[in-house]
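A short write-up of the structure that comes next.
All values below come from the heavy atoms of this structure, side chains included, with hydrogens, waters and symmetry mates left out. Starting from 1, each residue takes its place in the sequence as its number. As the structure lists them, so they are numbered: ligands from 1, and atoms in each ligand from 1.
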Amino acid sequence: MRVGQGYDAHRFKAGTFVTLGGVDIAHEHGLAAHSDGDVLLHAICDAVLGAAALGDIGRHFPDSDPAYAGISSRVLLREVTAKVRAAGYRIVNVDAVIICERPRIARHVAAMCANIAADCGLDATAVNVKGTTTEKMGFTGRGEGIAASAVCLIDSRN
Ligand SMILES: [Zn+2]
């Protein structure tokens with residue numbers, strides 16, 4: 001068994017919604033990114049890749065490549081899952097935290113977990129997402145953007 005961790009942050013830009021865990025959530029800003037800016041799924045991709053020592057999301061999906069402009073991060077997570085499987089591992093579980101003052105995360109957690117479970121080939125009981133604030137401290141506290149952190153366990157046994 002092996003563990004991986006991932007972290008990501010994106011700044012707010014003009015917009016009307018943010019995409020977190022594949023769920024579009026109405027907000028007074030969007031998230032600036034080459035892809036859809038889904039910080040949660042990016043952190044999970046890095047955790048999954050990290051567990052298998054396969055580098056990081058930037059190496060597999062460079063933001064200089066126009067093929068990934070505006071792409072759904074769920075596509076990236078499915079590709080990451082396939083890469084880790086091809087390396088001989090199965091994902092055991094994923095735990096993640098979204099760090100922001102707003103939007104509020106709680107009512108969207110079940111939909112995010114369902115998306116992540118589907119993309120990683122997991123049972124919904126093997127995925128956990130929660131939100132936290134930094135009590136107004138730092139860039140997330142000032143409402144400049146959203147960060148996310150994730151851990152993932154993988155297993156080479158069948
Ligand atoms: Zn990102």
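Within H42, ND1 is the N, O or S atom that lies nearest to the Zn ion (ligand 1). Looking only at its N/O/S atoms, D8 has OD2 as the one nearest to the Zn ion (ligand 1).
Between the side chain of T81 and the backbone N or O of D119 there is at least one donor-acceptor pair closer than 3.5 Å. Listed for the D155 side chain is no donor-acceptor partner under 3.5 Å among the backbone atoms of V92.
Residues V127 and I154 are members of one and the same hydrophobic cluster, defined by side-chain heavy-atom contacts under 4.5 angstrom among Ile, Leu, Val, Met, Phe, Trp and Tyr.
Residue contact annotation: D38 places no N/O/S atom under 2.8 Å from the Zn ion (ligand 1).
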Exercise for the section: Report the C-alpha separation of T19 and L31 in whole Å, then their side-chain angles, then the decisive distance to 0.1 Å, and conclude whether the side-chain contact (heavy atoms from CB on, under 4.5 Å) test is met. Expected result: CA-CA 8 Å; T19 304; L31 287 172; over 6 Å; no

